[in-house]
Amino acid sequence: MLTSFFNKSKPLSLIVIIVLLCLFYTAYNFEQWFLDFELLLFLKKLGRLLSLVFSLLVLNFIAKKNELTKRSAYKTLFFTLFAVSFANLMQSETAIIANLFVVLALRRLISLRSRKFIQKKIFDASFWIAIASLYQFWSILFLGLVFMAILNFAAYFKNWLIPLVAVVSVAILTVCFHLVVYEELYYLNDWFQMSNFDFSFYGNLQMLIPLSILLGLLVWTILNYFSMMQKASVTRRPVLGMILLSLAIAAVVAVFAPTKNGSELIFFLAPFSIITSSYFDGKKDRVFKEIVLIALLAMPFVILFLI
C-alpha cells in the first residue's frame, strides 16, 4: 500500500511529504516559535523551514531532471524522514542553510553533463560551496565535487582555476559586508571552525536509533547502486559517481564538524536519499520494502516521544 503510494511522484505524495516535514519542524521548534513568541525569531525560524523545503524541492528536481532515480517520491520521502528524525538538525540554522547551498552546487555540477555554459556552472557551484562554508566551515570540502566534475566534463587548465576565483570572490564580498554592516574586518579565524571529535552524544537513543537505521539502510542499498552504475551509460556513470563522492565527503564533513549533535549529518541526506531510492524503485522485494517503509515512517514519531 505504501509502496504503491510513493512509487510514483505525484503532486499529492509531494504535498504529504512537505506537510510531514512542516509538522515535525513545528513540533521541534514549538516552544521557541509560539510560547516565547518574538516576531524576529519567528521569521528566522520560518526562513529556516522554507530553506529546508526548498532543499527538498531542489533534490527532487535534480533527481528527475538527470534521471538519477525513477519518477517516484522515495528520494523526497527518505530525505524528510531522516531529517525529522534528528531533532538538533531541525533546530540548526547553520546546518540547514549550508546544506541548501551544497544542494544548489550539486545541481549546477550535475548539469555539466550537457556541456553547456561550463565555466559559468563551475563558478556558480564553487560560489555556492564557498557560501556554505561561511555557515559550516568543513562544507568547503565539497569543492572536491567541483574538481571531479571538471575532470569528467571539462578538464581544461583555465577551468581548474575557476573554483579559486569563486572562493576569493566570496571572501572579498564577506569582508566588504562586515566592513559596511559591522564596521570590522572578517578574519580567517572567523571563518575557520575547530573540529570536535567528541562522539559521546551518539550514544543517546534519540541519535543512535536513526543513525543505525540510516547506516544499515545505506549498506543494504549501496550494492544495488554499484550494480546500477556498472549498467549505466558512459555519459551517466560520472554523474552517479558524483553522488557517491558527495556521500563520502559528507562523511568526512560529519567527522570534522565542530558539533556532534546530529545536525552535521544533514549533508548525508541528499546523496543517501538518491542511493536508497534507486533500490526502492526496483520491482523486487515488495513485501520487505513495505515493512521497511512502515518502520521508517514510525521512526520519527518514536524519536519525538524519546525527547
Side-chain angles (χ1 to χ4, degrees), residues 20-21 23-33 45 48-49 52 55-56 77-100 102-103 132-133 135-142 192-223 225 244-276 279 288 291-307:
L20 181 68
L21 177 61
L23 287 175
F24 272 92
Y25 181 87
T26 303
Y28 285 126
N29 293 276
F30 183 83
E31 182 176 350
Q32 293 179 330
W33 208 344
K45 289 189 175 295
R48 189 191 306 165
L49 174 60
L52 201 55
S55 299
L56 183 74
L77 176 65
F78 295 140
F79 181 95
T80 299
L81 289 178
F82 281 97
V84 302
S85 294
F86 295 100
N88 290 311
L89 188 157
M90 290 284 99
Q91 298 171 329
S92 175
E93 178 182 357
T94 56
I96 290 172
I97 295 177
N99 180 69
L100 172 60
V102 170
V103 172
S133 71
Y135 293 92
Q136 219 289 7
F137 171 76
W138 291 102
S139 60
I140 196 69
L141 296 177
F142 281 99
F192 178 77
Q193 295 174 345
M194 187 67 69
S195 298
N196 170 25
F197 299 105
D198 180 11
F199 292 90
S200 57
F201 186 77
Y202 280 48
N204 294 342
L205 278 179
Q206 66 186 73
M207 180 74 180
L208 190 61
I209 292 174
L211 180 59
S212 299
I213 294 174
L214 185 150
L215 294 177
L217 196 57
L218 178 62
V219 171
W220 184 266
T221 58
I222 200 166
L223 294 178
Y225 191 78
L244 277 179
L245 180 60
S246 65
L247 186 76
I249 293 174
V252 177
V253 171
V255 170
F256 284 94
T259 57
K260 295 292 185 294
N261 60 9
S263 63
E264 69 280 4
L265 299 177
I266 192 171
F267 302 105
F268 267 102
L269 300 186
F272 165 80
S273 300
I274 291 172
I275 291 171
T276 307
Y279 168 74
F288 174 74
I291 295 171
V292 171
L293 278 181
I294 293 172
L296 291 178
L297 285 168
M299 175 179 65
F301 293 95
V302 173
I303 301 302
L304 189 63
F305 178 76
L306 291 173
I307 296 175

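Atom CD1 of I209 and atom CG of L214 lie 13.5 Å apart (nearest 0.5 Å). Of the inter-residue distances, the one linking Q206 atom CD with S85 atom OG reads 11.5 Å to the nearest 0.5 angstrom. Of the inter-residue distances, the one linking S133 atom OG with Y135 atom OH reads 10.5 Å to the nearest 0.5 angstrom. Here the CD1-CG distance, from I274 to L269, works out to 11.5 Å after rounding to the nearest 0.5 Å.
For the ring-ring contact (aromatic ring centres under 6.0 Å, His included) test, residues two or more places apart in sequence or in another chain that qualify with F82 are F272. Shown here are the ring-ring contact (aromatic ring centres under 6.0 Å, His included) partners of Y25, two or more places apart in sequence or in another chain: W33. Applying the side chain to side chain contact (heavy atoms under 4.5 Å, CB included) test to Q91 and every residue at least two apart in sequence or in another chain returns Y28, N29, R48, N88.
Between F288 and Y279, the ring planes lie perpendicular to each other; the angle is over 60°, past the 30° to 60° tilted range.
Checked by atom type and distance alone, the side chain of N261 pairs as donor or acceptor with a backbone atom of S263 at under 3.5 Å.
Listed by first then second residue, pairs satisfying side-chain hydrogen bond (donor to acceptor under 3.5 Å, both in side chains) with a partner in residues 264-276 read Y202-E264, not counting sequence neighbours.
Inter-residue side-chain proximity for Q136 and F267 is flagged as met; some heavy-atom pair is nearer than 4.5 Å. L265 places a side-chain heavy atom less than 4.5 Å from the side chain of M207.
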Validation: residues 291-303 side-chain donor-acceptor distances under 3.5 Å, sequence neighbours left out:
none

Would you list the atom pairs, donor with acceptor, under 3.5 Å between side chains in residues 246-257 and any protein atom, with sequence neighbours excluded?
residue : atom : partner : partner atom : Å
S246    : OG   : M242    : O            : 3.3
S246    : OG   : I243    : O            : 2.6

